Structures are given as C-alpha cells and as structure tokens.
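Each remark here refers to the structure printed beneath this line.
Owing to the predicted nature of the structure, the values given are computational and were not obtained by experimental measurement. We count ligands from 1, going down the list as the structure has it; atoms in each ligand are counted the same way. Heavy-atom basis, side chains included; hydrogens, waters and symmetry copies ignored.
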Amino acid sequence: MANERTLSIIKPDAVAKNVIGGIFSMIEAADLKVVATRMIHLTEDQAKAFYAVHRERPFYNDLVSFMTAGPVVVSVLEGQDAIAKYRKVMGATNPAQADNGTIRKAFAENIERNAVHGSDAPETAAMEVAFFFPESEIRSR
Ligand code: IDP
Ligand code: MG
C-alpha cells in the first residue's frame with residue numbers, strides 16, 4: 001500500500017448542514033490526515049472545469065448549479081491507500097446504496113446532494129489536488 005494523497009470536497013449541502021466537523025471526524029477515524037484545507041465558494045467556471053469529465057452527462061448543469069450554491073471545504077487527505085480508503089469512507093454515490101458507517105449514509109440527501117467528493121484514481125487525485133492547492137500549501141506529516 002502506497003502513501004497517497006487524495007482530494008476531498010465537503011459539498012454545499014453538508015456545509016449548510018453544519019457537519020464539517022462530523023465529516024472530518026470520520027476522515028480522521030479512518031486514519032487519514034488532513035494536510036491542507038480551505039473554505040471557498042466555487043465560481044461557475046471552476047465547477048465546470050472541475051467536473052469537465054461529466055460535461056456530456058444529463059446531470060452536468062444541475063451539478064454545477066449545486067456545487068456553486070454555497071461554500072465548500074476543499075482538503076487534501078494523506079495516508080496509506082488514501083484514494084481507495086476515502087472512497088470507502090464516503091460510501092456509494094447514491095446514499096440509498098451507501099453502507100452503514102459511511103459519510104454519505106450519515107449525511108447525504110440524494111444522488112446529487114451527496115455531501116462529499118473524493119478522487120477516484122491516482123491520476124485524477126494528482127490533477128484534483130493541483131486544481132486547488134499549490135505544493136507550498138500542503139503540509140505532509
Ligand atoms: P462520485 O462523486 O461518487 O465519484 P460521479 O459518478 O463521479 O460520483 O458523479 C459526480 C457527482 O455528480 C456525484 O457525486 C453527484 O453529486 C453527481 N451525480 C452523479 N450521478 C448523478 C445522477 O444520476 N443524478 C444527479 N447527480 C448525479
Ligand atoms: Mg467521481
């Protein structure tokens with residue numbers, strides 16, 4: 001298992017619910033470290049670019065509207081097998097299918113308003129981390 005970095009976004013629905021701390025607690029309980037974090041309000045251009053891979057999907061415009069509706073918390077998580085581990089802690093995209101004990105089971109409302117984003121592979125993790133954080137803002141420890 002490699003020591004990895006992955007990008008987490010606590011989405012506008014979860015920030016509005018005031019569960020940032022609850023989500024960070026679940027991240028830390030899984031032995032992942034927050035090595036960079038910032039609250040931002042995504043612009044439409046940023047949300048479109050971040051989710052460009054989904055631009056042909058029917059939900060793309062709604063997703064961009066949702067992600068720009070309020071502030072989000074972007075973070076870099078680090079740890080052994082961090083990419084797959086965080087996906088497991090997040091739970092399934094559709095919270096109706098998410099396992100007990102996952103972030104989405106605990107906090108997500110539906111398949112769109114699903115509380116968190118996490119990178120899905122080493123290549124996307126590297127791109128997504130660099131999208132929000134210069135290396136100088138990441139504190140590996
Ligand atoms: P993921 O976040 O679990 O990786 P993706 O398939 O990459 O899921 O989709 C990105 C985001 O787009 C989801 O987290 C969710 O917010 C939204 N999304 C995915 N599928 C649907 C859908 O069928 N309807 C509405 N929104 C969706
Ligand atoms: Mg995805």
Please classify the Asn114 to ligand 1 contact at 4.0 Å (heavy-atom distances, strictly less than): side chain, backbone, both or neither. side chain
Has Met90 got any heavy atom lying under 4.0 angstrom from an atom of ligand 1? no
Is there a continuous path of hydrophobic side-chain contacts, each under 4.5 Å between heavy atoms, that joins Met39 to Val74? no
Main-chain N/O of Asn114 paired with Arg104 side-chain donor or acceptor, under 3.5 Å: yes
Against Ile23, only a single residue in Val73, Ile103, Val89 fulfils side-chain contact (heavy atoms from CB on, under 4.5 Å); can you say which? Ile103
Nearest-contact summary for atom 16 (O) of ligand 1 - protein heavy atom, Å: Glu112 O, 2.8 Å
Basic-acidic side-chain contact under 4.0 Å: Glu28, Lys33: no
N or O pair under 3.5 Å between Lys11 and ligand 1: yes
Option nearest atom 17 (C) of ligand 1 (shortest heavy-atom distance, choices Val116, Asn110, Leu63): Leu63
Per-residue contact class, Ile111 against ligand 1 - non-hydrogen pairs under 4.0 Å: both
Filter on salt bridge (charged side-chain N to carboxylate O under 4.0 Å, His left out), then keep only pairs touching residues 78-89, sequence neighbours left out; what's left? Arg5-Glu78
Could you tell me which residues satisfy side-chain contact (heavy atoms from CB on, under 4.5 Å) with Ala36, sequence neighbours excluded, listed by chain and number? Val76, Phe133, Ile138
Please confirm whether Asp120 comes under 4.0 Å of ligand 1, counting heavy atoms of the residue only. no
Select the closest option to atom 27 (C) of ligand 1 among Phe59, Tyr51, Phe50, judged by heavy-atom distance. Phe59
Give me the nearest non-hydrogen protein atom to atom 4 (O) of ligand 1 as residue plus atom name, then the distance to 0.1 Å. Arg87 NH1, 2.8 Å
Relative to the ring of Phe59, is the ring of His54 parallel (under 30°), tilted (30 to 60°) or perpendicular (over 60°)? tilted
Per-atom filter on ligand 1: closer than 4.0 angstrom to a heavy atom of Arg104 are 1 (P), 2 (O), 3 (O), 14 (O)
I'd like to know if the side chain of Asp13 reaches the main chain of Ala115, judged simply by a donor and an acceptor atom lying under 3.5 Å from each other, with no hydrogens or angles considered. yes
Specify the protein heavy atom at minimum distance from atom 6 (O) of ligand 1: its residue, its atom name, and the distance to 0.1 Å. His54 CE1, 4.0 Å
For atom 8 (O) of ligand 1, tell me which residue out of Val64, Ile9, Thr93 has the closest non-hydrogen atom. Thr93
